[in-house]
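A short worksheet on the structure shown next.
Everything numeric here is computed off the predicted structure, so don't read it as measured data. Any value given below was found using the heavy atoms of this structure, including those in side chains, with hydrogens, waters and symmetry copies removed.
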Amino acid sequence: MTPEIALVDDDRNILTSVSIALQAEGFVTRVYSDGAAALRAFADKEPDLGVFDIKMPAMDGMELLRRLRESSNMPVIFLTSKDDELDEALGLAMGADDYIAKPFSQRLLIARIRAILRRQEFARGTAVISEGNPEPPLIERGRLTMDPARHRVTWDGRPVTLTVTEFMILEALAQRPGVVKSRNQLLDIAYSDDVFVDDRTIDSHIKRVRRKFRGVDPQFDMIETLYGVGYRFGEE
């Protein structure tokens with residue numbers, strides 16, 4: 001079935017342009033200008049994934065997500081302004097799957113949507129595995145286990161919840177322990193080439209990844225910083 005994507009934003013230009021881009025990629029779209037209207041519609045028929053702006057009238061994206069999580073695990077991507085780190089942290093804690101800062105690349109958004117939907121397919125056991133499309137292998141590095149297909153991460157067997165972007169950055173580091181990745185290399189992995197992102201954005205992602213791991217292990221120190229060079233995953 002064709003995935004159905006709900007776009008919730010009070011900016012009509014964003015709704016129109018993103019909807020057209022998604023339809024060109026084969027998605028079905030539903031658009032709403034505020035969270036209250038979207039929530040009423042979701043009660044009748046839930047889409048496969050939602051893209052929510054955080055700041056909207058009537059009901060903002062944060063409240064929409066809170067209400068949605070009372071009965072649904074529908075994947076959600078937040079659209080945030082560049083400096084809304086507090087909103088991003090709260091949204092992720094409430095169960096958002098990822099966030100993208102405005103202004104954003106439509107190619108980046110589409111890539112994130114595909115990654116999350118692919119993860120959902122593996123989680124439900126509905127992904128098509130073939131010779132040309134094999135299931136990616138587990139990454140096991142000491143106490144770290146990463147399942148790229150299902151977007152699952154554990155440390156000492158305890159789950160660590162990462163966004164798609166955080167997962168991609170950690171995966172790049174964990175694939176080759178001890179090898180340094182520069183900020184620019186990690187940017188190339190995590191972002192499409194038609195969007196400008198300051199390289200310090202990687203520092204923010206690394207900070208959040210460390211914080212999440214230290215939530216299950218206060219002694220976690222496997223992501224090492226080489227000042228002026230980049231980051232590496234330590235060798236146990």
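A side-chain donor-acceptor contact under 3.5 Å links Lys212 to the backbone of Thr161. With hydrogens and angles disregarded, no donor-acceptor distance shorter than 3.5 Å links the side chain of Thr225 to the backbone of Tyr227. One N or O on the side chain of Arg69 and one on the backbone of Ser72 form a donor-acceptor pair closer than 3.5 Å.
Interatomic distance, CG of Leu49 versus CZ of Arg114, reported as 12.0 Å (0.5 Å rounding). Note: Ser71 OG to Glu46 CD = 7.0 Å, rounded to the nearest 0.5 Å. Atom NZ of Lys55 and atom CZ of Phe78 lie 12.0 Å apart (nearest 0.5 Å). Considering CD1 of Ile139 and CZ of Arg176, their distance stands at 13.0 Å, rounded to 0.5 Å. Taken to the nearest 0.5 Å, the CG atom of Leu144 stands 7.0 Å off from the OG1 atom of Thr154. The line from CG of Leu22 to CG of Leu7 is 5.5 Å long, rounded to the nearest 0.5 Å.
Nearest heavy atom pair, residue Met56 against residue Ser33, reads SD-O, 4.4 Å. A pairwise comparison of heavy atoms in Gln185 and Val180 identifies OE1-O, 3.9 Å as the closest pair. When all heavy atoms of Asp11 and Asn13 are compared, the closest pair comes out as OD1-N, 2.9 Å. Among all heavy-atom pairs drawn from Ala21 and Gln106, the shortest one is CB-OE1, 3.1 Å. Here the closest non-hydrogen pair linking Tyr231 and Leu173 is O-CD2, 3.5 Å. Considering every non-hydrogen atom in both Gly35 and Leu64, the closest pair reads O-CD1, 3.6 Å.
In this structure, Asp217 pairs ionically with Arg143, as a charged nitrogen and a carboxylate oxygen lie closer than 4.0 Å. Ionic pairing of Asp221 and Arg214 is not present here: no N-O contact between side-chain nitrogen and carboxylate oxygen is shorter than 4.0 angstrom. A salt bridge links Asp98 with Arg112: at least one charged nitrogen is closer than 4.0 Å to a carboxylate oxygen. A salt bridge is defined here as a Lys NZ or Arg NE, NH1 or NH2 lying under 4.0 Å from an Asp or Glu carboxylate O, and Glu235 with Arg141 fails to meet this definition.
Between Phe213 and Trp155, the ring planes lie perpendicular to each other; the angle is over 60°, past the 30° to 60° tilted range.
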Step-by-step side chain to side chain contact (heavy atoms under 4.5 Å, CB included) determination, Val160 to Val216: CA-CA 8 Å; Val160 180; Val216 300; 3.9 Å; yes
Side chain to side chain contact (heavy atoms under 4.5 Å, CB included) between Leu68 and Met74, intermediate numbers included: CA-CA 8 Å; Leu68 189 65; Met74 182 185 89; 3.5 Å; yes
Yes or no on side chain to side chain contact (heavy atoms under 4.5 Å, CB included) for Ile54 and Asp60, after CA distance, side-chain angles and deciding distance? CA-CA 6 Å; Ile54 284 187; Asp60 64 19; 5.5 Å; no
Trace of the side chain to side chain contact (heavy atoms under 4.5 Å, CB included) decision for Asp203 with Arg183: CA-CA 8 Å; Asp203 298 343; Arg183 291 184 180 89; 2.7 Å; yes
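Side chains of Pro47 and Phe42 form a contact here, defined as non-hydrogen atoms less than 4.5 Å apart. Inter-residue side-chain proximity for Lys181 and Phe233 is flagged as unmet; no heavy-atom pair is nearer than 4.5 Å. Asp53 is listed as a side-chain neighbour of Asp10, based on a closest heavy-atom distance under 4.5 Å. Side-chain atoms of Met146 and Glu171, non-hydrogen and from C-beta on, do get closer than 4.5 Å to each other. Side-chain contact between Leu109 and Ile77 is present, with heavy atoms from C-beta onward closer than 4.5 Å. Within the 4.5 Å cutoff, the side chain of Leu39 has heavy atoms near those of the Met59 side chain. The closest side-chain heavy-atom distance from Ile206 to Leu170 is not below 4.5 Å. Side chains of Leu187 and Ile202 form a contact here, defined as non-hydrogen atoms less than 4.5 Å apart.
A donor-acceptor pair shorter than 3.5 Å cannot be found between the side chains of Tyr32 and Asp9. Side-chain contact of Glu4 with Thr29: a donor-acceptor pair under 3.5 Å is absent, judged by distance alone.
Hydrophobic clustering, with ILVMFWY side chains joined whenever heavy atoms are under 4.5 angstrom apart, groups Val51 together with Val31. Connection of Val28 to Ile116 is not established within any shared hydrophobic cluster, with ILVMFWY side chains joined at heavy-atom distances below 4.5 Å, either directly or through further cluster members.
Within 6.0 Å of atom CZ in Arg158, more than 12 heavy atoms from other residues, nucleotides or ligands are found, so the atom counts as buried in its surroundings.
Applying the salt bridge (Lys or Arg N to Asp or Glu O under 4.0 Å) criterion to Arg210, with sequence neighbours excluded, gives no partner residue.
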